[in-house]
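Notes follow the structure.
All values reported here derive from a predicted model rather than from experimental measurement. Per chain, numbering begins at 1; letters A, B, ... match sequence-line order.
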There are 2 protein chains.
Amino acid sequence: MNKPIVKQTRKMIHGPIAQAQILDAVDELFYMEGARAVSVDAVAKYAGVNKMCIYRQFESKDELLLRYLERRNHFFWENFEATMASYEGDPRQQLLQFFNNMAARTRWPGYRGCALANIVNEFPDREHPVRQLVTTSRQKLLGRLQEIAEQAGANDPQGLANGLALLLDGAFISTQTYPANHPILESLVPVVTTMVDAACLPNRQHVVSDVLAKNNK
Amino acid sequence: MNKPIVKQTRKMIHGPIAQAQILDAVDELFYMEGARAVSVDAVAKYAGVNKMCIYRQFESKDELLLRYLERRNHFFWENFEATMASYEGDPRQQLLQFFNNMAARTRWPGYRGCALANIVNEFPDREHPVRQLVTTSRQKLLGRLQEIAEQAGANDPQGLANGLALLLDGAFISTQTYPANHPILESLVPVVTTMVDAACLPNRQHVVSDVLAKNNK
DNA sequence: GTTATATGTTACTGGTTAGTAACATTGTGC
DNA sequence: GCACAATGTTACTAACCAGTAACATATAAC
């Protein structure tokens, strides 16, 4: 009457490590398949943990969703400010480089656009907590773009910031409405360049009178 | 021993009429809440028909979804071509008016952006039939915009068409990422105007030399 | 070692979903 | 009036889902 020889196959994963694995899994799954489409069981399986493990580390699926968005948002701003820092003092190049990075990112395999923008479609209720996170982030973006537009000498900084923000959201969603790596995205940086230069250059009258003045010297 | 006096409360709805009611319900519900979030039972209730009635008129929920998108797409193109027709011969105004109409639409109460763009987020699988419908429609849009850009005398019609298409998708999604009736949408038409005029005007050198020539007369 | 605590595991609840079977009722053509 | 087809109604299946209870096992502190 032998006892079972081993039951040592069980591995215990400590809380903090489990949390990291779960958040990694959520980051991948929610982004690629959408938050509503992914079950908690699927998250557990992908993370290599038990479902109960998830509910001991997090309150609910909604908390997972918020943590996911916070992380994605944090990553976005880290990149944004890093780009700004690397062209400190050159606001035009700051804007161009930011959009250049974005354009490059759209070519990543498996790119699915902006996590925050995508989630908005899954939760139409404007009072849902995820919506506030998205709105706050976008408002901040608008503010930062406007600051830089001012530094770049834009005639209408707010107008330029709005235009750039519209283009950015357009780029995000266009990666999904058009086939993967569609040439439309190649127009992003050129269009931004035109927009920025048109907004910052002295207007046509001004240019013409400059030329005339020079010509009359 | 009386028989029940009446059982006449039952109303029969004929197939074609039921179809119309169902498609109306789907149009409203799928658009406002998302296709995945709306159950067939909810559609039946909203349409005022029995669930079996739906399954006798349509194969599956997927068919409902496709019919919904086809209808929305048809409506879009009807409006688009009507706008083009009303400014026949004035390509610049055709473009501006189209975006003006779009901007006006974003201010409708309950506006939730482009039905086709929204559905893309709910069905990440690029092989799903809904994706092909969206891609086809967007490709057609790009083609039409390019034609009109050519007629407007754009230096780079494809570039302009791409830029406008990016802005359009941006406008759609920005109505959701920003609060309702956010002023960012007020920049849509000005930005489009700048973009079109910048793309169609002779370039700066050209303008300057024109002025110089005129000045030397 | 012993004990307290954290984790693993299973099975469950109560709810929802897409889709169907079976039968009752109504309308229609004749 | 009669028969047949279309529709109304109910109840169901099988699958899925978020979240939990209860108990088994492992780890860590002492």
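The backbone N or O of B:L133 lies less than 3.5 Å from no partner atom in the side chain of B:N73, so there is not a single donor-acceptor pair. Although no hydrogens or angles enter the test, the distance criterion places no donor-acceptor pair under 3.5 Å between the side chain of A:R72 and the main chain of A:L116. Judged by distance alone, the side chain of A:T175 and the main-chain N or O of A:F172 form a donor-acceptor pair under 3.5 Å. The main-chain N or O of B:P157 is never found under 3.5 Å from a side-chain atom of B:Q146 such that the two would form a donor-acceptor pair.
The distance from atom CD1 of A:I22 to atom P of D:dG19 is 14 Å, rounded to the nearest whole Å. Atom CD of A:Q19 is separated from atom P of C:dA6 by 14 Å (rounded to the nearest Å). Rounded to an integer number of Å, the gap from A:K61 NZ to D:dG19 P is 8 Å. Atom CG of B:D62 is separated from atom C1' of C:dT17 by 14 Å (rounded to the nearest Å). In this structure, B:Q57 atom CD and D:dT7 atom C1' are separated by 9 Å, rounded to whole Å. The distance between atom CD of B:E63 and atom P of C:dG19, rounded to the nearest whole Å, is 11 Å. Between B:Q21 atom CD and D:dT7 atom C1' the separation is 13 Å, expressed in whole Å. Between the CG atom of B:L65 and the C1' atom of C:dA18 there is a distance of 14 Å, rounded to whole Å.
The pair A:E63-A:R67 meets the salt-bridge criterion, since a charged nitrogen lies less than 4.0 angstrom from a carboxylate oxygen. With respect to A:R36 and B:E122, no salt bridge is recorded, no charged nitrogen being found less than 4.0 Å from a carboxylate O.
Applying a 4.0 Å cut-off to non-hydrogen atoms, the residues of residues 40-54 of chain B that approach DNA chain C are B:V40, B:K51, B:M52, listed by residue number. Taking a 4.0 Å limit (strictly below) on heavy-atom distances, residues 29-39 of chain A does not reach DNA chain C anywhere.
The environment of A:Q158 atom CD is sparse: at most 12 non-hydrogen atoms of other residues, nucleotides or ligands sit within 6.0 angstrom.
The C1' atoms of five pairs define one axis at each end of the helix from C:dG1-D:dC30 to C:dC30-D:dG1, and these two axes lie 10° apart (to 10°).
Scanning all heavy atoms of the two residues, the minimum distance from A:T194 to B:A198 falls at CG2-CB, 4.4 Å. Among all heavy-atom pairs drawn from B:V191 and A:G163, the shortest one is CG2-CA, 3.7 Å. Scanning both residues, A:V40 and A:Y55, for their nearest heavy atoms gives CG2-OH, 3.5 Å. The two residues B:L29 and B:V43 make their nearest non-hydrogen contact at CD1-CA, 3.8 Å.
Nearest nucleotide to the B:Y55 side chain, out of D:dG19, C:dT7, C:dA18: C:dA18. Checking C:dT7, D:dT20, D:dT7 against the side-chain heavy atoms of A:R56 singles out C:dT7 as nearest.
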